[in-house]
Structure formats: structure tokens, C-alpha cells
Trainee: 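Before anything else, here's the structure in question.
What you are looking at is a predicted structure, and each value in this text was computed from that prediction instead of being measured. When reading the values below, keep in mind they use all heavy atoms of this one structure, side chains included, and skip hydrogens, waters and symmetry mates. Chain letters run A, B, ... following the sequence lines, proteins first and then strands; every chain starts at 1.
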Amino acid sequence: MEKLVLIDGNSIANRAFYALPPLTLASGQHTHAVYGFTTMLLKVLEEERPTHLLVAFDAGKVTFRHARFEAYKGKRHKTPNELSEQFPLIKDVLDAFGIRYHEQEGFEADDIIGTVSAWAEARGLATRIVTGDKDLLQLVSPYVTVALTRKGISETERYDEAAIRQKYGLTPAQLVDLKGLMGDASDNIPGVPGVGEKTALKLLAQFGSVEEVVRRVDEISGPKLREAIAAHREQALVSKELAVIRRDVPLPFELEDLRYDGFALEPVREVFRRLEFKSLLDRLPHVPGARAPGETSTGAEEGDAAPTPLDVAVAGTAEDAALERLLAAPAAVVVELDGDNYHEAALLGIGVYSDAGALFVPAARVEEWEALRAFLADPTREKWVYDGKRGEVALRWRGLSLEGIAFDVLIASYLLNPTESRHALSDLAPRAGLSLAPDEEVYGKGAKRRALAAGELAAHVCRKAQAIYRLKPLLEREVEEAEMNGLFYDLELPLSRILAAMEHAGFRVDTARLKEMGEEFERRLEELTAEIYRLAGTPFNINSPKQLGEILFDKLGLPPLKKTKTGYSTSADVLEKLQDAHEIVPKILYYRTLGKLKSTYVDGLLKEVNPRTGKIHTIFNQALTATGRLSSAEPNLQNIPIRLEEGRRIRQAFVPSEPGWKLLAADYSQIELRVLAHLSQDEALVDAFHRDMDIHTRTAMDVFGVPEDAVTPLMRRQAKAVNFGIIYGISDYGLSQNLGIPRKEAAAFIERYFDVFRGVKRYMEDVVEEARRKGYVTTLLGRRRFLPDIHSPNYNLRSFAERTARNTPIQGTAADIIKLAMVNLARRLKEEGLRSRLILQVHDELVFEVPEDELAVMRELVPAVMERAVRLSVPLKVDVHVGDTWYDAK
DNA sequence: AGTCTCACG
DNA sequence: ACGTACGTGAGACTC
């Protein structure tokens, strides 16, 4: 099928420029916008397979829109030189690919795209527009869809008419009416003052278009709005006109001139070499449409680089001895399982790929083939894996071991960019020039999940192993270049083995105790329900925010203090403010508390108890958080209640797995503030920790200028909130919300804090500056987080990036420290021959189960190792508690 | 699938 | 004039 792709050159280049960390040649020439543009282009060629292709650029500064409205784009910042100097290079790349591009005096890229897409529509040619600019959404039609880049440039969101209707409740054509009414600050289009998105959408729902709004202005409800519209009719109409994309630009070519039938490899290679796009060079031969030297053009349809067939040997019989040569090291190993949760998941088979070839061992053969088991268990035979913990745990359940894991592609990819959400092997494979179908596609998901035919399974699993094998050297190099060898090989990789052991060990649960609690909660919930219905005068679903909102705010007439997108907010902070307004409110709050405990922590946890082991086996995600923390799922054991006594009792159900053993919990005291003291070298903060003072009291003393015995509980509470705020990258608004005080007072607190803690202030400024300069921030052990939005012209995005720049080094360093402690502790436990087991990590806390006779040793060893994990300018402090249940280890 | 709410550090 | 605390996972409801 034929397909036209129209690329908005300026928009994509701009996105790439601001989204990617700077990249320069020896000459100082910046290339990251070119790089970003080129990766987008390759993606388009791979995924869209266009038969017609055009890249449109903006021409000079003045367009017909300026003639109509002088101030058009008046507030826009000048394009930085670092970007404008990259446009000629982008055109070099396009020339090498033989792709047509066009710019036209007096018009913007939008108008060129509008015109060509109109031609395509007339001919019934499917069209995809690729841009970062929402304005182009107005062109969407049954033939035209828009792929909008979001968050960086690699991800796109596709819009057809239904998607636009769903998101805005408007037709594509009405989007210009929306802009006419609300204006657009980035283009300096005024709209109608006082009309924002909400009002504009309301008006359009009623009237349909700007013209109708203006014509029937008398029908507008609300005198203020009516006056505003009446006073700015002309401005609204002009604003709309400016927003409309032209579809009749006289262009010097026609649709058929845009036909695209692939490219010759060599010229593209040459340009890539000149621009030092090494990683893209490898990918090139597999891009659809690529022609080797001498090959003639065959038309875009046949330019596909079909996946190279893989020769897979399948083990199965006593003859397998002949296949032993395929158990060579180093090898990529894939333990293929049925399902996402790998605890006791069915094994489908094991794939092995090395220089010796590809081998697939079906599940039935795994346990009986001695040579394979020995190979897997041999720590001296190097294995490369993707999410090694997954396979390792699955094999542990079968009494098999997987040792010698020397590289993990998932963890490497995560460390290289922890905010990237797509670390699936199928996402990474193209980097090594391979195309790999996602598991979801191969197996189907949900109800459509299916078993594969034997040959299909072997091929897919070995293809994955091949991708791992090819990706390893690429990622290995990138990890090295990012100076993360220590972090990767000495921290995350060993940690992965420890997490595997923790997950497999599990946490024993006293299900009888949990059920008792559930029954108690149930009784009290029934009582509460009856009282709530009585007070409301009618039964309703208390769990439905919608129904609850109607009862509270419509029926009972309480003041709605906050709204959400869809209606009234009934969140706890709103209800707390209404506690005294009606006796139903505290009952609802209590109902919520108990309901949460019952559904999530009693029923939810009971569902997760493994009937065979009587334990809960969580899965730690080691490649997810943006800061380097772990997360825990199925179930989440990192959010078991503790703050309120009623919930805290859930912890009475968490017990040791062997009779006579105890639980030992060790937590870092104020680790994030200690890390802040170290990173900032703030005198007062460092001093406070050297004296081992109560940090919130000390903060109150300094901020309020009073002696210790004059610090009231309120002052301490406020100082504590400020301390948290500092860690989170503080804003006066955030602090005011947290403390329930006016924003001005919050601002005054912050100012006083920074007056005293000068070093902290300085550090916060420096770290944001560093983020701007390098494009990323780092933790103590060199973990990185990229912050492309730090340069965004959008205030919200930029502010968020700045807060993140302040928070991530703190939260991330704390994560580094406890991970290091875990690795060191595991080694010590082994060296000392202790039977104690680490079973849980909760960000600043480690939980062990300990035999009685090891208690004394563990009470000493655990805090000692944790406190010495790193050496900071302030001491680290660890509190240790022992008990018969997790509740009692306090 | 998306939204709201709420549990944890 | 704007809208925001940082990082997570899960259950219930709604469409």
C-alpha cells in the first residue's frame, strides 16, 4: 500500500536540540539536533515504509501571517546559533538519503505540509505527518494522521480523528477555533483575554466555532465573559485566522515528485562517518530501502532487509552430546518462561547463542541434560543475559543455578538512561542491527495469549539470545564511556544476584492472623456503611468519588474546595478540611482508611501468598525508577502501612519463616538529609549531624532563632516539612499545601531557611546549573539522569526539571548507599558462614530473618556494614530493631 | 485504559 | 498568570 510521510523539519530539529544532551565534533560543531533528526528519520523509514516522502522547513522570518498580524511570534526567542548551524547538516543527511525537502518564502513548514496533505487527500493517499507541533493536528482526517513526538523525540503519539475527539472533544477543524479563543503564548497569538482552555472548550461545545461565538455573543451566560468576547471579537477572529494552516500554497512540485524508493548505502555511510554517528552506521544496512553498492533501485516495496534466518539446533535426545559444543562461553542465555510473574512460572525452554551457534533446549530436556546444567551453574563460563534475575529465580525454583552472569543488557540499558521507559529487548535489538518481534506480539497478550509451535518457540528464543549477544559489546562500550563501569559491574550486577535470592526466599505471612484482621475490618466497615447511609439519607457507593461528591457537595451542600478534571475532589486533604462541617465526613475518612486496609493489605496480600511456601515472593524491579531506587511489585512490599497504628498492625502478620528465628530491621536515620549535608558541605547541616542532633529540632532552632527548649511541637513540625521540601526541590506552593498555610508564609519559611543554610542554597543553585551545562545530574556513584526539559521554554516542564535536578542526586545517592550496603552485607554473611537471610529492602531499611544464635552477631554486623558503606563528611547512622514479627521490630 | 485515591520512603 | 512538592504500586470505579 502506498503511503505519504510528511516531516516537519524545524519542529523535529528543535525537539531534538532541546531533548538531547549536546554532542559536538572536534571542530566544535554541534550535532545533536542532526543526530536526533536522523534517528527519527530512520525510525520513520523502518516503521512507516513510506512510498512518498517530503521534509518541510520554515523559510525566512517573515510570513503572510506577519502581514496580517505584526506581533505574530513576537515573543519567540531567537533560534540559538548552536541549532541554526545544524540545519545545513540535516540537509546533507537528507541529500545522502535522496529525500526531498522544501521551504518556501512567505510560508511556514506547516503550510507546505497542509498543502501537500490536501493533494494526498484528494487522491486518497494515506498520509502520516511527523511533528512536535500540536497545531498540525487540525489537518487530521480519515486519510491523514499525525505522529506527535512527546517527551524527547523517540516516542510518538499517534492521532486520528477519534483520538482528537477523545482528548479535546472537538473535531480537528475546531482546534483552530480553540486557539482563536484561548490564544497561544508561544506564537504570541492573543485570543480573548481571560479565556483559557476550560472556557474555550465550554464555548465551543455550545456554539461550535469562533464565528458563531461572536455572532451569538448575547447568548453567552456570565456577564464578564460576554463582555470580554464582545470587546475582543475582532481579535478572536484574527487569532483564529492566524492559527489556520494554509492548504493552497503554490508549490513548485507535484505529489508524484515525492516518490521515494530507497537509498544507496555508501553516500549515507559517508555522511554518518563525517558526523561520527557510529551507532547509526551499524543500523543502516537493516533499514528498509537500503541498497548495497551496485544494487539498483527496485522500488521501495522491495527494499526490505528481511530478518536473516537463524540456524537453530534443538536439543531433545540422548544424541545431545553432539550439541555440547554449542555450550560455549561467552554465550547469551535466555531462560524463556510462560508469563510475566516468574515465581513458579512454567519453563518453556532455554536458548543459548554464542560464536559456536544457536541452541534451543526445550523445557523437558533442561533438567535431564547434565552438561547443560553444569554449564549454567559454572561461574567461570561467562553468560550474557537480559534481566538475568528473572531466569535465575525461575531456575532456583527448580533447584537449578545460573551463575557466571557477566553482563545484563537490561541493567546496562537502564543505567544508560533510567528515564527511558522502553528497555524491552525488542526496543534495543535494532541498535545492533537486528529486528526482533516483541514478546507481546509473538505470544499475544491477555486473552489472546497462545502457545507457540515448537519450531517457532526455538526460533524466537534464539533470536532473543542473538540480540543479547550482539547488543553486549555496544552497551559495554557505552557503559564504559559513561564512566559507569563501577556502578554496573561492582554494584548493580552483584545486587541483581542478591535480589534474586531475596525474592526466592520470600517473606513468611501468618495468614490466620491476617484473616482475623480482615474480619475485624469487615465488621467495622459494615457499621460505618450503615451510619454513612443514614447520615446521607440514602445508600450509595462510598467508594465512587463521583457518587460521594454528589452526596457531599450537591445533596448535603458542603463547599467543594477543590476540583479534579472530572468533578469534585474528595481526596483526604479536602475531607480533612471539612471534618467539622458535617458528621458524615470523619466517618467517610475512617471508612476510606479501613477500606484501603481491607482491600489492599488483607485481601490483596492474601491473594499473593504462595500456597506451597506460605510466603510472599515479591518482584523487585531493578530497572525502573528514574533515581536508582528499587521498586517492588506483585505485591508491593515497600508500602506496607506503618504511619497509623491500625494499619501498622498489618505488620504483625509478617513473621520469620523458621521456628525460633527473629526478624531484624535496620534503617538509616535521616539518610537523605545526611547525603544533602555531604553534597552541599553546608556548615550548619554538617555540624548538626556531627553532634547527632534531632535534625528537625535543630532546623527549627536555626530558622526561628530560638534555643532548643523553646522549640514548640508546631515549630518542629514546620521545620520538618521544610526539610522534606528542601529534598524535593521545594516551591512555596508545595510547602504551603503540605503545611496548610498561606503561600506567603511558606515563602517566608523558605527564605529564612536559605538565610541560615547558605551552603544548601548554594548547592541547589549549582546543581541546577550543572544540569543545564551537562544535560544530566549524577549521584555519588556516578548514576546519571538526563534532564532534557531543563532548557524547555515551557515554565512547567522547566521547573519540574529543576526540582528533579535538586532531588535526584540526593534520592539517588541514598539509593546507591543502601545498594552498596546490601552487596557488602551479602558478602559478609557468606564469609562468616551465617544462616541469616536478607529478605526485604524498603529504600532506607533492610529486613533480615535471623536464627536466635546469630542475633548478637547480626545486631553488630548489620549496622556496622551499613554505616561504612561509604564515607561521607557526616556519619551515617543506623537503628536496629528485633522482634517476633515485623510489627515488633520497631 | 484512564482517573482518582491512598499506602510507603 | 501560570500550576508544582520527589520517587513508587495497587484497588476501585468509570468509560
Trainee: Ignoring backbone atoms, test whether A:Thr566 places a side-chain nitrogen or oxygen under 4.0 Å from the OP1 or OP2 oxygen of B:dC4.
Mentor: yes
Trainee: Using the closest heavy atom to pick a nucleotide of DNA chain C for each, name whichever of A:Ile727 or A:Gly604 lands nearer the 5' end.
Mentor: A:Ile727
Trainee: Below 4.5 Å, heavy atoms only, C-beta onward: do A:His843 and A:Ile818 meet side chain to side chain?
Mentor: no
Trainee: For A:Leu594 and C:dA12, what is the distance between atoms CG and P respectively, to the nearest whole Å?
Mentor: 15 Å
Trainee: Could you verify whether a donor N or O on one side chain and an acceptor N or O on the other, from A:Ser413 and A:Glu420, lie under 3.5 Å apart?
Mentor: no
Trainee: Under 4.0 Å from OP1 or OP2 of C:dT14: is there any side-chain N or O of A:Ser544 that close?
Mentor: yes
Trainee: Need one value for A:Arg798: base, sugar-phosphate or nothing, where a base atom within 4.0 Å counts as base even if backbone is also close, heavy atoms only.
Mentor: nothing
Trainee: Within the 4.0 Å heavy-atom criterion, would you say A:Ala721 contacts the bases, only the backbone, or no part of the nucleic acid?
Mentor: base
Trainee: Checking only heavy atoms, does the side chain of A:Ser631 share a donor-acceptor pair with the base of C:dT8 at less than 3.5 Å?
Mentor: no
Trainee: With a 4.0 Å cut-off on heavy atoms, is A:Ile642 in touch with a base, just the backbone sugar-phosphate, or nothing at all?
Mentor: sugar-phosphate
Trainee: Base, sugar-phosphate, or nothing: which does A:Ala815 touch, judged by heavy atoms less than 4.0 Å apart?
Mentor: nothing
Trainee: For the residue pair A:Glu503 and A:Tyr342, confirm or rule out a side-chain donor-acceptor distance under 3.5 Å.
Mentor: yes
Trainee: Would you confirm whether A:Tyr533, through its side chain, and A:Phe540, through its main-chain N or O, come within 3.5 Å as a donor-acceptor pair?
Mentor: yes
Trainee: Answer with base, sugar-phosphate or nothing: what part of the nucleic acid does A:Thr564 contact at a heavy-atom distance below 4.0 Å?
Mentor: sugar-phosphate
Trainee: Taking the basic N atoms (NZ, or NE/NH1/NH2) and the acidic carboxylate oxygens, is any pair closer than 4.0 Å for A:Glu520 and A:Arg524?
Mentor: yes
Trainee: Between the side chains of A:Glu492 and A:Arg783, is the shortest nitrogen-to-carboxylate-oxygen separation below 4.0 Å, so that they form an ion pair?
Mentor: yes
Trainee: How far does the P atom of B:dC6 sit from the matching atom of C:dC2, given to the nearest Å?
Mentor: 27 Å
Trainee: DNA chain C: stems of at least 3 consecutive Watson-Crick or G-U pairs, cut-off 3.5 Å?
Mentor: B:1-9 with C:6-14
Trainee: Mind checking A:Leu597 for me? I need base, sugar-phosphate or nothing, with any heavy atom below 4.0 Å counting as a touch.
Mentor: nothing
Trainee: Once hydrogens and angles are ignored, does a donor-acceptor distance under 3.5 Å link the base of B:dA7 to the side chain of A:Asn639?
Mentor: yes
Trainee: Students often get this wrong, so: under 4.0 angstrom with heavy atoms, is A:Ala814 touching a base, only sugar-phosphate, or nothing?
Mentor: nothing
Trainee: Would one find a side-chain N or O of A:Arg643 under 4.0 angstrom from OP1 or OP2 of B:dG9?
Mentor: yes
